[in-house]
Amino acid sequence: MCLMAKEAFIQCRVSTATKAAVRAAAERQQLTESALLKKLVEVLLQTSGSAVAESPVSESRPVRSARLSVRLEPGDWALLQERATGRGMPAATYLSNLVRSHLRALSPLPKAELLALKQSVAALNAIGRNLNQIARLGQQGGRAVGPGRDDLRAMLKICEALRDHVRGLIKVNVISWQVGHDNKQK
């Protein structure tokens, strides 16, 4: 497949009625007005024998990522906006991540949520190291200097709360990829 550079514009002014007719024709074809006009120009050039071969993109020039236009029902657009907002992402980025995750069978997890999980794991590691030092000292017959019974209970509560938080984060993550952000499921 040869990618072509599309940098030149063809512009003209038309009446409001012509503009409305082009818009309606484009909608019937499920195209943008620009895409419809581009097709018309290509057909005109091919049928008149004036087709101009476009030169391929230079190897030295990087090609932008592919773009895709998608038409959504108003309700779907609203859900997309809600989900993207709920994840702190622009709608296009959310949709791109969702499509990529689906195509590559990945588990989607936005950066903010991944960072929260990594911080949770780091906190649990620190607590675990402290508890291991206390247990080692107790096994060696030494007197543990530091946290007492109440402190250990507090650490246990923190660990349980962190576990519940991570569990909730995972549940919300799964649900948010399945339903609208406003439609909470149990």
Side-chain angles (χ1 to χ4, degrees), residues 1-119 165-166 168-186:
M1 180 172 112
C2 182
L3 296 175
M4 307 292 168
K6 307 283 194 285
E7 296 175 348
F9 292 93
I10 297 175
Q11 298 175 340
C12 66
R13 294 195 181 272
V14 296
S15 69
T16 305
T18 300
K19 170 80 171 161
V22 169
R23 179 179 295 129
E27 286 176 359
R28 283 191 303 274
Q29 298 285 325
Q30 294 186 340
L31 296 171
T32 63
E33 295 168 33
S34 180
L36 177 65
L37 292 174
K38 180 180 173 189
K39 278 186 167 188
L40 290 172
V41 168
E42 289 171 352
V43 168
L44 173 68
L45 291 175
Q46 288 174 355
T47 58
S48 70
S50 303
V52 178
E54 296 184 24
S55 58
V57 174
S58 166
E59 295 280 334
S60 63
R61 182 175 170 209
V63 179
R64 289 182 65 176
S65 296
R67 291 185 177 260
L68 174 67
S69 294
V70 178
R71 294 187 188 276
L72 298 174
E73 295 294 321
D76 293 340
W77 173 248
L79 287 173
L80 173 64
Q81 290 288 84
E82 289 172 9
R83 288 187 188 184
T85 300
R87 291 186 173 277
M89 306 171 125
T93 302
Y94 173 83
L95 195 54
S96 176
N97 286 341
L98 184 61
V99 168
R100 183 173 190 279
S101 297
H102 175 73
L103 293 174
R104 297 180 183 268
L106 303 172
S107 296
L109 195 62
K111 289 178 186 176
E113 292 175 19
L114 182 59
L115 179 61
L117 286 173
K118 286 181 178 182
Q119 289 171 341
H165 177 72
V166 170
L169 180 62
I170 292 168
K171 182 178 178 182
V172 168
N173 184 41
V174 170
I175 289 171
S176 72
W177 288 105
Q178 295 172 349
V179 298
H181 191 68
D182 279 348
N183 302 332
K184 306 234 190 260
Q185 286 187 351
K186 303 228 175 186

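We number each residue from 1, following the sequence as shown.
We find the OG1-CG distance between Thr93 and Leu98 to be 12.5 Å, quoted to the nearest 0.5 Å. Between Thr16 atom OG1 and Arg23 atom CZ the span is 10.0 Å, to the nearest 0.5 Å. Here CZ of Arg83 is found 10.5 Å from CG of Leu95. Values are rounded to the nearest 0.5 Å.
Applying the 6.0 Å contact sphere to CG of Leu103 captures more than 12 heavy atoms from other residues, nucleotides or ligands. Shown here is Arg104, whose CZ atom has no more than 12 heavy atoms of other residues, nucleotides or ligands within 6.0 Å.
Looking at every heavy atom in both residues, Ala84 comes nearest to Ala91 through CB-CA, 3.6 Å. Across every non-hydrogen atom of Leu36 and Val22, the tightest pair is CD2-O, 3.8 Å.
With a 4.5 Å cut-off on side-chain heavy atoms, Glu82 and Leu79 count as touching.
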